[in-house]
Protein chains: 2
Amino acid sequence: MLSKKTKYGLKALTYLARQEGDKPVQISEISEHENISRKFLESILLTLRKNGFLGSKKGKTGGYYLLKDPKDIKMVAVMRILEGPIAMVPCVSLNFYEKCDDCPDENTCSVNKLMLEVRDSTLNIFNNKSLADLI
Amino acid sequence: MLSKKTKYGLKALTYLARQEGDKPVQISEISEHENISRKFLESILLTLRKNGFLGSKKGKTGGYYLLKDPKDIKMVAVMRILEGPIAMVPCVSLNFYEKCDDCPDENTCSVNKLMLEVRDSTLNIFNNKSLADLI
DNA sequence: TTAAATCCTATTTATTGGGTAGGAAAATCT
DNA sequence: AGATTTTCCTACCCAATAAATAGGATTTAA
């Protein structure tokens with residue numbers, strides 16, 4: 001299941017991508033338009049900023065704005081920051097690899113091979129989709 | 001993330017599929033070979049039985065066995081029973097559909113469309129994989 | 001100087017995953 | 001028949017995580 005954090009983050013990003021010009025958009029504007037708890041959204045935008053997707057301006061007339069062109073914001077990057085691993089099991093994750101405590105041998109593990117296939121097909125989508133494609 | 005329930009269930013199924021003949025296999029044998037908590041596995045096998053994947057025999061010499069040929073046990077069916085929805089959001093789920101409380105219109109929702117694509121590609125894999133393919 | 005915005009850390013609350021407990025019911029073996 | 005060994009079933013617990021909230025510090029424009 002996609003976490004609400006990721007879902008809200010994606011919605012906020014598309015909201016920003018739809019803006020004309022690069023005037024900062026306030027949290028509350030986004031939260032109202034997209035029906036997201038203001039405080040929760042605040043923390044999400046904060047992590048998106050800390051990870052280089054958003055810029056911000058403080059004080060009156062402050063807000064958030066995209067740092068890159070929507071077509072240069074790959075879904076795979078956003079997903080990894082907000083949701084974490086793309087893979088369904090850590091043992092087939094590229095960026096969050098972890099060995100399973102059960103499973104003595106990954107090479108002969110049936111679950112491993114199945115989930116590898118799922119990962120590849122999902123990755124294929126996220127690699128080839130940018131924020132621009134979401135609008 | 002794939003739940004351990006699903007992971008263990010898949011491992012148990014492949015273990016059973018690898019058996020010669022259809023003699024019942026006891027829970028404890030599977031749990032030892034696959035490093036799964038005995039009690040937890042018990043509850044998993046129970047749901048697999050209640051959903052028509054496994055048969056069981058009680059008492060001494062009892063245990064579990066596959067009811068169908070491994071090639072007739074589709075991954076998509078197993079996944080839906082053990083893991084639940086294939087889709088990452090309820091609003092694109094075929095079997096577990098639910099409307100999102102935020103989102104006023106699914107047809108114009110960017111997340112919806114993206115996750116629909118992911119669902120389709122994952123579904124495509126699970127539809128075309130059977131237990132036999134896991135061995 | 002005031003108001004309005006982001007920034008930041010910590011805390012709370014709710015949900016779920018993972019696992020246990022304990023006994024009832026059934027089947028086998030002696 | 002009785003002992004033993006298995007599955008069956010319901011209920012419960014615990015820890016981790018997700019979701020959301022609190023509250024003040026900092027910055028900026030008017």
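By convention in this document, chain letters (A, B, ...) are assigned in the order of the sequence lines, proteins followed by strands, and residues within each chain are numbered from 1.
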Peer 1: Does A:E98 form a side-chain hydrogen bond (donor to acceptor under 3.5 Å, both in side chains) with A:S93? I'd like the steps, not just the answer.
Peer 2: CA-CA 8 Å; A:E98 238 175 280; A:S93 175; over 6 Å; no

Peer 1: Walking along DNA chain C from 5' to 3', note the first and the last nucleotide with an atom under 4.0 Å from a heavy atom of chain A, and give both.
Peer 2: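 On DNA chain C, the outermost contacted nucleotides are C:dA4 to C:dC8.
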
Peer 1: With sequence neighbours excluded, tell me which residues meet side chain to side chain donor-acceptor pair (under 3.5 Å) with A:R38.
Peer 2: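 A:R38 satisfies side chain to side chain donor-acceptor pair (under 3.5 Å) with A:E42 once adjacent residues are dropped.
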
Peer 1: Checking B:Y8 now: which residues fulfil ring pair (Phe, Tyr, Trp, His ring centres under 6.0 Å) with it, not counting sequence neighbours?
Peer 2: B:F40

Peer 1: For residues B:V92 and B:R119, report the shortest heavy-atom separation together with the two atoms involved.
Peer 2: O-NH1, 2.8 Å

Peer 1: Identify, residue by residue, the members of residues 86-98 of chain A with a heavy atom below 4.0 Å from DNA chain C, and return them in order of residue number, or none.
Peer 2: none

Peer 1: Kindly state each residue pair satisfying salt bridge (charged side-chain N to carboxylate O under 4.0 Å, His left out) with at least one member in residues 2-28 of chain B, sequence neighbours excluded.
Peer 2: A:D102-B:K7, A:D102-B:K11

Peer 1: Is it true that a side-chain atom of B:N128 and a backbone atom of B:N124 form a donor plus acceptor pair closer than 3.5 Å?
Peer 2: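 Yes.
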
Peer 1: In this structure, how many angstroms lie between the P atom of D:dA19 and the CG atom of B:D101, rounded?
Peer 2: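 In whole Å, D:dA19 P and B:D101 CG are 12 Å from each other.
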
Peer 1: Could you check which residues of residues 38-70 of chain A get a heavy atom under 4.0 Å from DNA chain D? Sort them by number, please.
Peer 2: A:K39, A:F40, A:K57, A:K58, A:G59, A:K60, A:T61

Peer 1: Excluding sequence neighbours, so at least two apart, what forms ring pair (Phe, Tyr, Trp, His ring centres under 6.0 Å) with B:Y65?
Peer 2: none

Peer 1: Just to verify, what does B:Y15 make a ring pair (Phe, Tyr, Trp, His ring centres under 6.0 Å) with, not counting sequence neighbours?
Peer 2: B:H33

Peer 1: Counting N and O atoms only, with roles assigned by atom type, does the side chain of B:R80 sit under 3.5 Å from a partner on the main chain of B:N95, one being a donor and the other an acceptor?
Peer 2: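 Absent.
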
Peer 1: Mind running a 4.0 Å heavy-atom check of residues 9-28 of chain A against DNA chain D and sending the residues that fall below it, in number order?
Peer 2: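 Of all residues in residues 9-28 of chain A, none places a heavy atom under 4.0 Å from DNA chain D.
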
Peer 1: Can you sort out the partners of A:D72 under side chain to side chain donor-acceptor pair (under 3.5 Å), two or more places apart, ordered by chain and number?
Peer 2: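 Here no residue qualifies.
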
Peer 1: Taking only residues two or more places apart in sequence or in another chain, which ones pass ring pair (Phe, Tyr, Trp, His ring centres under 6.0 Å) with B:F53?
Peer 2: none

Peer 1: Which salt bridge (charged side-chain N to carboxylate O under 4.0 Å, His left out) pairs, counting each pair once, include a residue from residues 43-63 of chain B, with sequence neighbours left out?
Peer 2: none

